Amino acid sequence: MAVETEHVTTSELDDFPTLTERYQRELLAHCYRMSGSVHEAEDLVQETFLRAWKASADFQGRSSVRTWLYRIATNVCLTNLEGRPRRPLPTGLGTPDSVAGDTLESNNEIAWLEPVPDAAVVVAERDSIRLAFVAALQHLPARQRAVLILRDVLRWSAAEVAEALETTPAAVNSALQRAHAQLADRGLTEETVEPHLTAQQQHLLDRYVDAFWRKDIDQIVSLLTAEAVWEMPPFTSWYVGARNIGDLIDHQCPGQENDMPMLATSANGQPAFGLYMRTATGSFVPFQLQVLELDGERVRHVHAFFDATLFARFGLPEELPAGYLPDDVPQSVAPR
């Protein structure tokens, strides 16, 4: 059996293009969890494969190639994160929530948490990639973050993690305990993400898109939970309460009726939409990427990222033409 294992792993390393293609997406998910940035994660994966290629002659087959690559990737991430600040969302800044009408202030000096396209990553459990979980990880020191991911997400044993991080199983268990305690102190608990949207939830999302197209504030408010949260990096303010969020969109969003079409995508195992804004020429350009958390048949949290570069990363068009109409828009609500 040992000979067979060595033969298989050797053949994998002999065909490095196939190796990188096989593990690219799951390693990207791993590096994204560690870094909170899809841009950084892509660079970290490339560095992982470069180190693996240089070290391939020394691979002895004591573990699977997959485990070996994760070990390299984790240490690449730890080196990269050394001395760097965590990537937050506005809700994680420690500031109080805001009231619609307050002055909007942005901060482009903060390295904000970024969403990741579902199409770019492979994950076994959607919980482990959702924005709330990745944001929670950012509260942990980098080594605690690595231990939590390797133990709780990848299900490695304490001994395997200890070998990867060049420490002891006792130290790994202690770090895991501290990580769990810190997340519990912050109220960051485990949640279950449903693998598929129900028909009712899909109907909710259809109504949500239609409400923005018509800028129907009452409809938007009705689709949110009473204590819904809205945040929109790089703006530092965040908002709680369906009516408060409705007032924000009503008075501080520049779009009017038939100005804001949305195109569906998915991010972090959650439904997402690229929201476009009408220009003076009538065409539509990227405005914000919204990632939604659902609670039954309501929206409980919206992360609205004001980063137009995300649209290309999510495969969304750079522009929609003048005269564009969302699918199935009744003529009664078509642009006048």
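Every heavy atom of this structure was used, including side-chain atoms; hydrogens, water molecules and symmetry mates were not. One is the number of the first residue; the rest follow in order along the sequence. A quick note: this is a predicted structure, and the numbers were derived from the prediction, not measured.
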*Using the side-chain contact (heavy atoms from CB on, under 4.5 Å) rule, pick out the option among Arg86, Arg33, Met34 that qualifies with Leu137.*
Arg33
*Between Asn268 and Gln270, is there a donor-acceptor pair closer than 3.5 Å when you use the side chain of the first and the backbone of the second?*
no
*Using modelled atom types only, decide if a donor and an acceptor are shared between the side chain of Glu231 and the backbone of Ser237 within a distance under 3.5 Å.*
no
*asked:* Pair Arg313, Thr309 - check side-chain hydrogen bond (donor to acceptor under 3.5 Å, both in side chains), show working.
replied: CA-CA 7 Å; Arg313 185 172 295 278; Thr309 66; over 6 Å; no
_For a quick test of reading the model, state the closest non-hydrogen atom pair linking Thr281 to Ala322 and the distance between them._
O-CB, 4.1 Å
*Where Leu113 and Ala135 come nearest, the two heavy atoms and their spacing*: CD2-CB, 3.7 Å
*Do any N or O atoms from the side chain of Asn107 and from the backbone of Pro234 form a donor-acceptor pair under 3.5 angstrom?*
no
*Can Glu160 and Arg71 be counted as an ion pair, charged N to O under 4.0 angstrom?*
no
*So how far is it from Leu197 CG to Leu204 CG, rounded to the nearest 0.5 Å?*
9.0 Å
*asked:* Could you report the tightest heavy-atom contact between Leu27 and Ala73, atom names first, then the distance?
replied: CD2-CB, 4.2 Å
*Taking Arg87 for its side chain and Trp112 for its backbone only, find out whether a donor-acceptor pair lies under 3.5 Å.*
yes
*Which distance, rounded to the nearest 0.5 Å, do you find between the CZ of Arg143 and the CG of Leu78?*
6.0 Å
*Would Phe305 and Leu93 show up in the same hydrophobic cluster when neighbours are defined by side-chain heavy atoms closer than 4.5 Å?*
no
*Say whether Ile217 and Met232 are linked into one hydrophobic cluster, either directly or through other cluster members, by side-chain heavy-atom distances under 4.5 angstrom.*
yes
*Should the pair Glu293-Arg300 be classified as a salt bridge under the 4.0 Å nitrogen-to-oxygen rule?*
yes
_Working note: Phe284 + Thr279, criterion side-chain contact (heavy atoms from CB on, under 4.5 Å); need CA distance, chi angles, decisive distance, verdict._
CA-CA 6 Å; Phe284 302 89; Thr279 67; over 6 Å; no
*Judged by atom type as modelled, is there a donor-acceptor pair below 3.5 Å linking the side chain of Gln288 to the main-chain atoms of Asp307?*
no
*Can Val229 be reached from Val302 by stepping across I, L, V, M, F, W or Y side chains whose heavy atoms are under 4.5 Å apart?*
no
*Is Trp156 close to Tyr70 at the side-chain level, that is, under 4.5 Å between some pair of heavy atoms?*
yes
*Is it the case that more than 12 heavy atoms not belonging to Gln252 sit under 6.0 Å from its CD atom?*
yes
*asked:* Is it the case that the side chain of Thr167 and the backbone of Ala171 share a donor-acceptor pair, with hydrogens and angles ignored and the cut-off at 3.5 Å?
replied: no
_Are Ile245 and Val240 connected into the same hydrophobic cluster when the rule is that any two of I, L, V, M, F, W, Y join if their side-chain heavy atoms are below 4.5 Å apart?_
no
*Does a donor on one side chain sit under 3.5 Å from an acceptor on the other, for Gln200 and Gln202?*
no
_Main-chain N/O of Arg278 paired with Asp259 side-chain donor or acceptor, under 3.5 Å_ = no
*Should Val122 and Leu28 be marked as a side-chain contact (heavy atoms from CB on, under 4.5 Å) after you check the CA-CA gap, both sets of side-chain angles, and the distance that decides it?*
CA-CA 8 Å; Val122 171; Leu28 182 64; over 6 Å; no
*Looking only at heavy atoms, which two atoms of Gly36 and Val134 are closest? And how far apart?*
CA-CG1, 4.1 Å
*What closest approach, in Å, do Met277 and Gly255 show between heavy atoms, and which atom pair accounts for it?*
SD-CA, 3.4 Å
*Do Phe311 and Tyr276 make the cut of ring centroids closer than 6.0 angstrom?*
yes
*Same cluster for Ile72 and Trp53 if Ile/Leu/Val/Met/Phe/Trp/Tyr side chains link at under 4.5 Å?*
yes
*State the CD1-CD1 distance between Ile220 and Ile249, to the nearest 0.5 angstrom.*
4.5 Å
*Are Leu294 and Pro271 side-chain neighbours, meaning at least one heavy-atom pair lies under 4.5 Å?*
yes
*Got Val45 and Thr20 here, is their nearest side-chain heavy-atom distance under 4.5 Å?*
no
*Taking atom NE2 of His301 and atom CG of Leu89, what is their separation to the nearest 0.5 Å?*
7.0 Å
*Kindly compute the distance separating CE (Met260) from CZ (Arg214), expressed to the nearest 0.5 Å.*
11.5 Å
_Val291 vs Phe273 side-chain heavy atoms within contact, under 4.5 Å_ = no
_Quick check on Glu319: does its CD atom have over 12 non-hydrogen neighbours (other residues, nucleotides or ligands) under 6.0 Å away?_
yes
_Phe287 and Phe306 aromatic ring geometry - parallel, tilted or perpendicular at 30°/60° bounds_ = perpendicular
*Quick one: does Arg84's side chain have a donor or acceptor within less than 3.5 Å of a partner on Asn80's backbone?*
yes
*Please examine the side chains of Asp118 and Thr265, heavy atoms only from C-beta on, and report whether any two atoms are closer than 4.5 Å.*
no
*Indicate the atoms forming the closest heavy-atom contact of Ala211 with Gln219, along with that distance.*
CB-CG, 3.4 Å
*Hey, are the side chains of Thr48 and Gln46 touching, using non-hydrogen atoms and a 4.5 Å cut-off?*
no
_Between Trp68 and Ser56 (side chain of the first, backbone of the second, donor and acceptor by atom type, cut-off under 3.5 Å), is there such a pair?_
no
*asked:* I'd like to know if Asp218 pairs up with Arg243 as an ion pair, taking the criterion as any Lys NZ or Arg NE/NH1/NH2 lying under 4.0 Å from an Asp or Glu carboxylate oxygen.
replied: yes
*Polar side-chain atom of Tyr32 near backbone of Glu114 as donor-acceptor pair, under 3.5 Å*: yes
*Reported CD1-to-CZ distance for the pair Ile149 and Phe133, which is rounded to 0.5 angstrom*: 6.5 Å
_Heavy-atom side-chain contact between Asp97 and Tyr239 under 4.5 Å_ = no
*Are Ser35 and Ser37 close enough that a side-chain donor and a side-chain acceptor fall under 3.5 Å?*
no
*Less than 4.5 Å apart, any side-chain heavy atom of Leu289 and any of Pro115?*
yes
